[in-house]
Amino acid sequence: MLKKYKVILLILVTSLISLVYIPSYRTSYATTLQEKIRIITGSAIRLRSAPQTTASEVTRLSIGTLVKEIGKSDKKEKIGQQEDFWYQVVLADGKQGWVFGGFAEAFEESKKGQIYTKLIDDRLKAKTSFSDQVDLVNFLERTIKEVKTPEVIAELELGYLLALRQSVHSIPVDKQSDAQYKNWLKKHESKLVYSEPSGEWEIQSEQLWNLQKKYSSLAVGEKIAWEASQNTLPGECEGYLPCYISILGLTSASYLQLYPTGAHSQEALKTIADEIDTYVEDMDKKEPTYTFPNDAETRKDLQDSLAEVRKKLSGLPAAKTSSLFKQMDKIAQKFR
């Protein structure tokens with residue numbers, strides 16, 4: 001009888017122990033099941049069969065590709081200027097391999113906007129090839145459709161135009177008729193303009209100014225306006241003074257009209273002041289560098305250009321524009 005009670009008691013104790021440990025086991029198991037996602041931050045990144053640069057290549061990954069992390073190397077490795085772990089990952093199509101951590105950052109859906117904008121900033125600053133820039137443009141075309149936050153969409157749309165600008169700038173002038181370049185230019189021709197003097201393609205400034213107007217109520221609007229003011233305009237003034245002053249009105253002065261106290265306001269104002277000082281100094285030389293008005297029509301062009309710049313700078317404090325306006329008056333009075 002006593003032996004029977006001992007058996008029952010042993011069963012009860014074992015059951016209690018099991019109940020005590022089950023919760024901690026389940027918690028650990030749930031943690032193990034949590035997926036770790038990484039985003040590829042470069043273009044044509046090699047997925048290798050083993051965590052080493054000499055391992056065979058499984059495939060190549062484009063920028064923005066999401067992969068599931070399932071393992072990590074025991075120690076870090078230094079490749080170039082980067083030191084990081086290798087990560088074993090699974091692709092959406094089931095392929096597995098190892099990717100170097102310097103090209104695969106942690107990804108969280110809740111922080112998608114921040115991750116995308118940082119990725120864009122980093123890639124735009126990097127000196128990359130035409131194919132890498134094409135990869136970035138294509139990535140941005142996809143992600144613009146994914147996000148819902150206006151601020152993030154604005155950053156992505158700006159990044160798209162800047163990446164497109166970099167891509168066309170990297171096309172060799174003597175190879176624009178090559179298939180890969182020709183097709184790329186054809187695909188995006190509605191946003192581009194050809195500059196005869198340089199033989200290069202540029203982003204239409206109108207694309208950037210329209211984007212600024214679209215997001216003028218957001219903080220990023222100032223950033224867009226600055227990029228628009230720095231965008232290269234097609235053509236060449238060929239020394240014609242009214243043309244140069246007109247460009248000031250279309251670029252730096254337009255930025256200041258919108259953002260008189262913007263982050264780049266001092267830089268923009270200095271650009272205008274320095275150029276005007278150069279013209280004032282040049283117009284009194286025996287052999288001037290620039291072509292100054294010599295008939296009624298060209299004088300009117302000059303007066304109109306000066307008036308446009310002055311109008312756009314009217315929102316700035318007088319203390320900041322007084323000396324500039326005096327210099328502009330010297331030009332206006334000489335060529336009335």
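Each residue takes its place number in the sequence, starting with 1.
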Q: Looking at K285, I want to see if its NZ is surrounded by more than 12 non-hydrogen atoms of other residues, nucleotides or ligands under 6.0 Å.
A: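 More than 12 within 6.0 Å, yes.
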Q: Measure centre to centre between the rings of Y116 and F139, then say whether the value is under 6.0 Å.
A: yes
Q: So which pairs with a foot in residues 153-182 pass salt bridge (charged side-chain N to carboxylate O under 4.0 Å, His left out), sequence neighbours left out?
A: E155-K223, E157-K214, R165-E227
Q: For atom CD of E57, decide whether the heavy atoms of other residues, nucleotides or ligands shown that lie under 6.0 angstrom number more than 12.
A: yes
Q: Could you tell me whether E69 and R38 make a salt bridge, using a distance below 4.0 angstrom between a side-chain N and a carboxylate O?
A: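 Between R38 and E69 there is a salt bridge, with a charged N closer than 4.0 Å to a carboxylate O.
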Q: Just grab all the side-chain hydrogen bond (donor to acceptor under 3.5 Å, both in side chains) pairs involving residues 318-329, residues at least two apart or on different chains.
A: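 Every side-chain hydrogen bond (donor to acceptor under 3.5 Å, both in side chains) pair that includes a residue of residues 318-329, provided the two are not neighbours, is D277-Q327, R310-D329, Q327-K330.
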Q: Are any of the side-chain nitrogens in D304 or K300 under 4.0 Å away from the carboxylate oxygens of its partner?
A: yes
Q: Between W226 and H264, how do the two ring planes meet: parallel, tilted or perpendicular, split at 30° and 60°?
A: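 Answer is parallel, since the angle falls under 30°.
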Q: Considering only heavy atoms from C-beta outward, does the side chain of Y194 approach that of V168 to under 4.5 Å?
A: no
Q: Flag the pair E267 and K270 as a salt bridge only when some basic side-chain nitrogen lies within less than 4.0 angstrom of an acidic carboxylate oxygen.
A: no
Q: Run the salt-bridge test on K118 and D122 with the 4.0 Å N-O cut-off and return the result as yes or no.
A: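 Salt bridge flag = yes for D122 with K118.
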Q: Within a radius of less than 6.0 Å around CD of Q266, do more than 12 heavy atoms belonging to other residues, nucleotides or ligands occur?
A: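 Counting other residues, nucleotides and ligands, CD of Q266 stays at 12 neighbours or fewer.
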Q: Is it true that K112 and E109 have a side-chain N and a carboxylate O under 4.0 angstrom from each other?
A: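 The answer is yes: the pair qualifies as a salt bridge.
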